[in-house]
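Throughout, residue positions are numbered sequentially from 1 according to the sequence presented.
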Amino acid sequence: MLALSLFFFTRGQDFRPAFKQLAVLGSLFPDVPIVGLTATASRRTQNVITEVLGLKTPVKIIGNVDRPNIFIGKYRRGPSRLGIKSFGSVLRPIAEQLKVELTEYPITVIYLPLKWCGTAYNLFCEILGDSQYFPEGCPRIPENRLFAQYHAPQTARMKTEILQQLLLEDPTVRVVFATVALGMGVNISHIHQVIHLMVP
C-alpha cells in the first residue's frame, strides 16, 4: 500500500498564497493524508489553513511554546554612537567571568557587526591575558584559545576549525564573536547562550 503525505510549512505571509493550490492535490487524492506543520499560526490562521486545504475534521496537535530551558532577556547598553564602548557594559562581564570559569563557562555565541568583532576579540585578549589559552602552559595556538572570531573575512581553515571545535562534546573555545556567517545551516546543540549586541 502506498501512503503519501503533503507537508506544508507556514512561515510568514509570503508562503501562504501557494497553499491555496494544495487543496487541488487534496481533491485529486482524497485518501492521501495531509499533515500541516507550523510554528507560528494563530487560531485564526489555523482555521484559514483548514478551510483552504478543504480539511473536514483535522486533528490538531499543538505543543506548548513555553520552554523552561530557554530564557530571553534584554539588557541596556550604551548608544551605538559610542562604538565599542557601547558594548563594553555587556562584553566586559562576560570576559571577566570567562577568565574565572575557563572551560566551565557555557558555550556562547555573541553576534555583532563585523567592524566590532576584532575590537571585541582584542578586549577579551586584554582582560584574559595569559588565561586566554587552556590548559595553562599549553602552546599559544588558536585551538587552545577560549574565544574566537567567525565571520566572512576569516580564512576557510579557521572557520572550519572553529566549527569542528564547537561540535566537540567539551570544546576549549567557549565564546565566539560572530556575524551572521555563523548560523546558516549550523546545528550545534550545546550552545548555551546566544547574545545579539545589536538588532539581529
Q: Any salt bridge (Lys or Arg N to Asp or Glu O under 4.0 Å) involving residues 166-179? Give me the pairs, sequence neighbours left out, ordered by first then second residue.
A: Asp170-Arg174
Q: Sequence neighbours left out, what passes side-chain contact (heavy atoms from CB on, under 4.5 Å) with Asn122? Give chain and number order.
A: none
Q: Using side-chain contact (heavy atoms from CB on, under 4.5 Å) as the criterion, list what pairs up with Val194, not counting sequence neighbours.
A: Tyr111, Ile191, His196
Q. Is Phe29 reachable from Val24 through a run of hydrophobic residues whose side-chain heavy atoms are each under 4.5 Å from the next?
A. yes
Q.
Can you list, by chain and residue number, the hydrophobic cluster partners of Ile62 when the side-chain cut-off is 4.5 Å?
A. none
Q) Partners of Tyr121 by ring-ring contact (aromatic ring centres under 6.0 Å, His included), sequence neighbours excluded? A) Phe147
Q) How many angstroms lie between OH in Tyr105 and CG in Leu98, if you round to the nearest 0.5 Å? A) 7.0 Å
Q | Non-hydrogen side-chain atoms of Val175 and Val109 separated by less than 4.5 Å | A | no
Q) Say you draw a straight line from CD1 of Ile110 to CD1 of Ile195; how long is it, rounded to the nearest 0.5 Å? A) 4.5 Å
(Q) The criterion is side chain to side chain donor-acceptor pair (under 3.5 Å); which residues satisfy it with Lys60, sequence neighbours excluded? (A) Asn47
Q. Looking at Ala95 and Leu128, what are the two nearest heavy atoms and their distance?
A. O-CD1, 3.5 Å
Q | Listed partners of Gln154 passing side chain to side chain donor-acceptor pair (under 3.5 Å), at least two apart | A | none
Q: Indicate whether any N or O donor in one side chain lies under 3.5 Å from an N or O acceptor in the other, for Arg77 and Ser89.
A: no
Q: Calculate, to the nearest 0.5 Å, the distance between atoms CD1 and CD1 belonging to Ile188 and Ile107 respectively.
A: 8.5 Å
(Q) Taking side chain to side chain donor-acceptor pair (under 3.5 Å) as the definition, give me every residue that meets it alongside Gln97, ordered by chain and number, with sequence neighbours left out. (A) Glu101
Q | Pairs involving residues 159-179, ordered by first then second residue, that meet ring pair (Phe, Tyr, Trp, His ring centres under 6.0 Å) (sequence neighbours left out) | A | Phe124-Phe177
Q. Quick one: do Val176 and Leu114 end up in the same hydrophobic cluster if we chain Ile, Leu, Val, Met, Phe, Trp and Tyr together by side-chain heavy atoms under 4.5 Å apart?
A. no
**Q.** Approximate separation, where rounding is to 0.5 Å, of Asn144 CG and Phe134 CZ
**A.** 10.0 Å
Q.
Donor-acceptor pair, distance only, cut-off 3.5 Å: does the side chain of Ser86 make one with the backbone of Leu82?
A. no
Please tabulate, for the side chains in residues 158-167, all donor-acceptor contacts under 3.5 angstrom to protein atoms that are two or more places apart in sequence or on a different chain.
{"residue": "Lys159", "atom": "NZ", "partner": "Ala152", "partner atom": "O", "Å": "3.4"}
{"residue": "Thr160", "atom": "OG1", "partner": "Ala156", "partner atom": "O", "Å": "2.9"}
{"residue": "Gln165", "atom": "OE1", "partner": "Thr172", "partner atom": "N", "Å": "3.1"}
{"residue": "Gln165", "atom": "OE1", "partner": "Val173", "partner atom": "N", "Å": "2.9"}
{"residue": "Gln165", "atom": "NE2", "partner": "Glu143", "partner atom": "O", "Å": "3.0"}

Q: For residues Thr179 and Cys117, report the shortest heavy-atom separation together with the two atoms involved.
A: CG2-SG, 4.1 Å
Q: State which residues pass salt bridge (charged side-chain N to carboxylate O under 4.0 Å, His left out) with Arg140; sequence neighbours excluded, sorted by chain then number.
A: Asp130
Q) Does the side-chain contact (heavy atoms from CB on, under 4.5 Å) test come out yes or no for Met198 and Phe87, once each step is laid out? A) CA-CA 9 Å; Met198 297 187 77; Phe87 301 144; 3.9 Å; yes
Q: Please examine the side chains of His190 and Pro171, heavy atoms only from C-beta on, and report whether any two atoms are closer than 4.5 Å.
A: yes
Q) Applying the 4.5 Å side-chain criterion to the ILVMFWY set and letting contacts propagate, would Leu102 and Tyr133 be lumped into a single cluster? A) no
Q.
Thr108: which residues meet the side chain to side chain donor-acceptor pair (under 3.5 Å) condition with it, sequence neighbours left out?
A. Gln193
